[in-house]
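Have a look at the structure below before the remarks.
Atoms considered below: every heavy atom in the structure, side chains included; atoms not considered: hydrogens, waters and symmetry mates.
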Amino acid sequence: MINGKMKRSTHTMHVNTQPLVVKETLQLPRGFELGVSSYYQESVKGLKFAWLYNLSDRPLTFSSSYRMPGSAPANGEATWPKDVGVIALEIYFPSQYVDQAELEQFDGVSAGKYTVGLGQARMGFCSDREDINSLCLTVVQRLMQRNGLSYDQVGRLEVGTETIIDKSKSVKTVVMQLFEESGNADVEGIDTTNACYGGTAALFNAVNWVESSSWDGRYALVVAGDIAVYATGSARPTGGAGAIAMLVGPNAPLAFDRGLRGTHMQHAYDFYKPDMASEYPVVDGKLSIECYLSALDRCYSVYRNKIHAQWQREGVDKRFSLEDFGYMVFHSPYCKLVQKSLARLVLNDFLSHPSPNTETGPFSGLEAFREVKPEETYFNRDVEKAFMKASTEMFDQKTKASLLVSNQNGNMYTPSVYGCLASVIAQHTPQHLAGQRIGLFSYGSGFAATLYSLRVSQDATPGSGLDKLCASLCDLKARLDSRRKVSPAMFADNMQLREDTHHLAPYVPQGSVEELFPGTWYLTRVDEKHRREYARRSLNDDLPLEAGLVNSTTATEQHIPSPVKKMPRLPASTAGPEAVTVSNGDH
């Protein structure tokens, strides 16, 4: 031991600021901080190295029966938490939609242009009562309540969005108002922005935090939310709106495949928002499709090389192909592009195979395309048609179920790929999902993309994490069906109202509060300094509209303990609901 001494009988140490080597797992008493942000441990020849600093120079007693959050197990086999990934997932979408077939008639386009050509059936949209802050407030509170969580169990909160209503103040800081009653302000993370990729970047940051020396044993919470709107024209039917919240921690039913991410980043002006006075983007449609497909090609190639290398280290002698994914989900600007994207991966498998069987099987009849160059096929109709036909069965098995939310609600931007993941979970039993590998392709214009995978837990028993996750999403289709249909004319009027009042201050929204889902946060006013105030519609329709509990713990769902130990929940309120108003603060 360096600069210290220890009596075996009491485990008492005198330490200053030098690193200590200890053979027990130690409990941190008061007066200690963990070095290297929160803690750092590694296993070397069965010994744990803990870097500790005594702030008081007093003798300190340690208990060897307690294990520090995130510390290596007693056998020293691991130095990071196991199976880090998504523990719980919640989705929110607006309570109203426009029918795409009716919108075709209203816009005067040919029948099937939106419904067949794009593959879209309905498009959700927000009134002026909802903005990015309210969407995120709603989905976070819904996740916390439905899973019986207290806000002091969260140590990181990160938001991914491209819906910017303030060039300085983050959405995350607005959401922090939900944490105030718990007294927890020790929450890392901030907003992340790059078109539709921001949610994935936020998720990666959360996973990396849990697996890092900075982790303090609490959950990470990831929020992805956006309002996708376009000017009148061909792009407008590819809009949508919504938000996703994901609880991240160890022992997750959806665990990240460590080391298996294929990423591609490149500069392009395919879709961007240079006009700060408008919600509408500038879009080069053809270039955007080319960027999306080229990124998919390259990410898949990188992922495939990494999994081959991993398998070789493990002594597994096989080729990776799309068949190794139980499900494959994509960022979905519109459903038809997703179907083309799966066909694109089959093309990649075909071209990379040293000797594909073109007589039988999925590559049957494709010998004419053996010498094509991927970069020359983005708009090749013959290649597209042939491989969409060849991948029809695989699409039905691996991807079609993922398009429920996309087809019924439209493109949500950052939450899009996670709405597809939620759709898969909502439509399958835990027993069917158990043990599957799910591939996810995330794309954001500009452009940034990653293809990665999640492994579903093998434990599908009642009460397991997977069982709870599936149960929490089993009402997804019913929730979509419960929305209110509005006419295309009313939709157009709503879009015009948003355009006319964008960044207007002072402003009082005109949209109806009664038509929001119960429990929805909404905008009440924007003052002359652009400060926004919000209220929550009651969960009980018999109560006043602007009533609700910020930190209600009356949810009937079973409480999820913290990753390391059970943390105290907030006491249940015995009083009736009180009116709550929050704002986006002074800045």
*Looking only at side chains, do T450 and Y443 share a donor and an acceptor under 3.5 Å apart?*
no
*asked:* Minimum heavy-atom separation for A426 and L473, please, with both atom names.
replied: CB-O, 3.2 Å
*Residues D257, R437; criterion salt bridge (Lys or Arg N to Asp or Glu O under 4.0 Å); working and verdict*: CA-CA 9 Å; D257 270 328; R437 172 178 270 134; 2.9 Å; yes
*Please check if the distance between the ring centroids of F369 and F363 is under 6.0 Å.*
no
*Which value, rounded to the nearest 0.5 Å, describes the distance between R146 atom CZ and D475 atom CG?*
5.0 Å
*So, H308 versus Q310: side-chain donor-acceptor pair below 3.5 Å or not?*
no
_Going by salt bridge (charged side-chain N to carboxylate O under 4.0 Å, His left out), name the residues that satisfy it together with R498, two or more places apart in sequence or in a different chain._
E279
*Validation row, ring centre H267 to ring centre F447 under 6.0 Å*: no
*Step by step, work out the side chain to side chain donor-acceptor pair (under 3.5 Å) result for T192 and E158.*
CA-CA 7 Å; T192 303; E158 192 145 355; 2.8 Å; yes
*asked:* Between the side chains of K273 and E162, is the shortest nitrogen-to-carboxylate-oxygen separation below 4.0 Å, so that they form an ion pair?
replied: yes
_Partner residues of S127 under the side chain to side chain contact (heavy atoms under 4.5 Å, CB included) criterion, sequence neighbours left out_ = Q96, R129, N494
*So, do M394 and L322 sit near enough that their side-chain heavy atoms are less than 4.5 Å apart?*
yes
_Filter on salt bridge (Lys or Arg N to Asp or Glu O under 4.0 Å), then keep only pairs touching residues 280-304, sequence neighbours left out; what's left?_
D297-R344, R304-D349
*Can any side-chain N or O of S402 pair as donor or acceptor with the backbone N or O of V424 at less than 3.5 Å?*
no
_Donor-acceptor pair between T238 and N411 side chains, under 3.5 angstrom_ = no
*Quick one: list whatever passes ring pair (Phe, Tyr, Trp, His ring centres under 6.0 Å) with F491, sequence neighbours left out.*
F125
*Considering the options Y378, F441, Y334, which one meets the ring-ring contact (aromatic ring centres under 6.0 Å, His included) requirement together with Y292?*
F441
*Atom OG1 in T429, atom CG in D467: separation rounded to 0.5 Å?*
10.0 Å
*Give the minimum heavy-atom separation between T414 and G225, together with the two atoms involved.*
OG1-N, 3.2 Å
*asked:* Are F325 and F320, when compared by the centres of their aromatic rings, separated by less than 6.0 Å?
replied: yes
*Quick one: CG on L103 to OG1 on T115, what's the gap to the nearest 0.5 Å?*
10.5 Å
*Between CG of L149 and CD of Q141, what distance do you get to the nearest 0.5 Å?*
12.5 Å
_Axial cation check for F93 ring with R483, 6.0 Å and 45° limits_ = yes
*asked:* Just so I know, are the side chains of I438 and V456 near enough to count as touching, which here means a heavy-atom distance under 4.5 Å?
replied: yes
*Using only heavy-atom distances, determine whether the side chains of E130 and Y92 contain a donor-acceptor pair under 3.5 Å.*
yes
*What residues, two or more places apart in sequence or in another chain, satisfy side chain to side chain contact (heavy atoms under 4.5 Å, CB included) together with V109?*
E104, D107, K113, Y114
_For a side chain to side chain donor-acceptor pair (under 3.5 Å) check, start with the C-alpha distance between Y452 and S442, then their side-chain angles and the critical distance, and finish with the verdict._
CA-CA 8 Å; Y452 66 100; S442 179; over 6 Å; no
*asked:* Has E211 got a side-chain atom pairing as donor or acceptor with V84's backbone, closer than 3.5 angstrom?
replied: no
_Close side-chain approach of R142 and M144, heavy atoms under 4.5 Å_ = no
*Flag yes if more than 12 heavy atoms outside D396 fall under 6.0 Å of its CG atom; otherwise flag no.*
yes
*Does NZ belonging to K172 count more than 12 external heavy atoms closer than 6.0 Å?*
yes
*E393, CD: over 12 other non-hydrogen atoms inside 6.0 angstrom*: no
*Could you tell me whether the side chain of Q427 and the main chain of S423 form a donor-acceptor pair under 3.5 Å?*
yes
_Heavy-atom count check: over 12 atoms from other residues, nucleotides or ligands less than 6.0 Å from K477 NZ?_
no
*Rounded to the nearest 0.5 Å, how far does CG of L337 lie from OG of S406?*
9.5 Å
_Residues, nucleotides or ligands: over 12 heavy atoms within 6.0 Å of E359 CD_ = no
*Would you say the side chain of T263 lies within less than 4.5 Å of the side chain of V302, judging by non-hydrogen atoms?*
no
*Can a donor-acceptor pair be found between the side chains of T461 and D459 at a distance below 3.5 Å?*
yes
_Q145 side, atom CD; N147 side, atom CG - distance, nearest 0.5 Å_ = 10.5 Å
*Decide whether a cation-pi geometry holds between R370 and F350; the criteria are a distance under 6.0 Å from NZ or CZ to the six-membered ring centre and an angle within 45° of the ring axis.*
yes
*asked:* Are there over 12 heavy-atom neighbours, none belonging to M490, within less than 6.0 Å of that residue's CE?
replied: no
_Quick test of your reading: applying side chain to side chain donor-acceptor pair (under 3.5 Å), list the pairs with at least one residue in residues 382-391, sequence neighbours left out, ordered by first then second residue._
none
*Could you please spell out the steps behind the salt bridge (Lys or Arg N to Asp or Glu O under 4.0 Å) verdict for K318 and D324?*
CA-CA 11 Å; K318 63 174 289 188; D324 292 295; 2.7 Å; yes
*Show the numbers, then the answer: is there a side-chain contact (heavy atoms from CB on, under 4.5 Å) between V175 and V223?*
CA-CA 10 Å; V175 177; V223 188; 5.7 Å; no
_Can you tell me if R381 has over 12 outside heavy atoms packed within less than 6.0 Å of its CZ?_
no
*Ring centres of Y269 and Y272 under 6.0 Å apart?*
yes
*State whether F204 and R261 meet the cation-pi test: NZ (Lys) or CZ (Arg) under 6.0 Å from the six-membered ring centroid, and within 45° of the perpendicular axis.*
yes
*Considering all heavy atoms, the nearest A243-P415 contact*: CA-CG, 4.0 Å
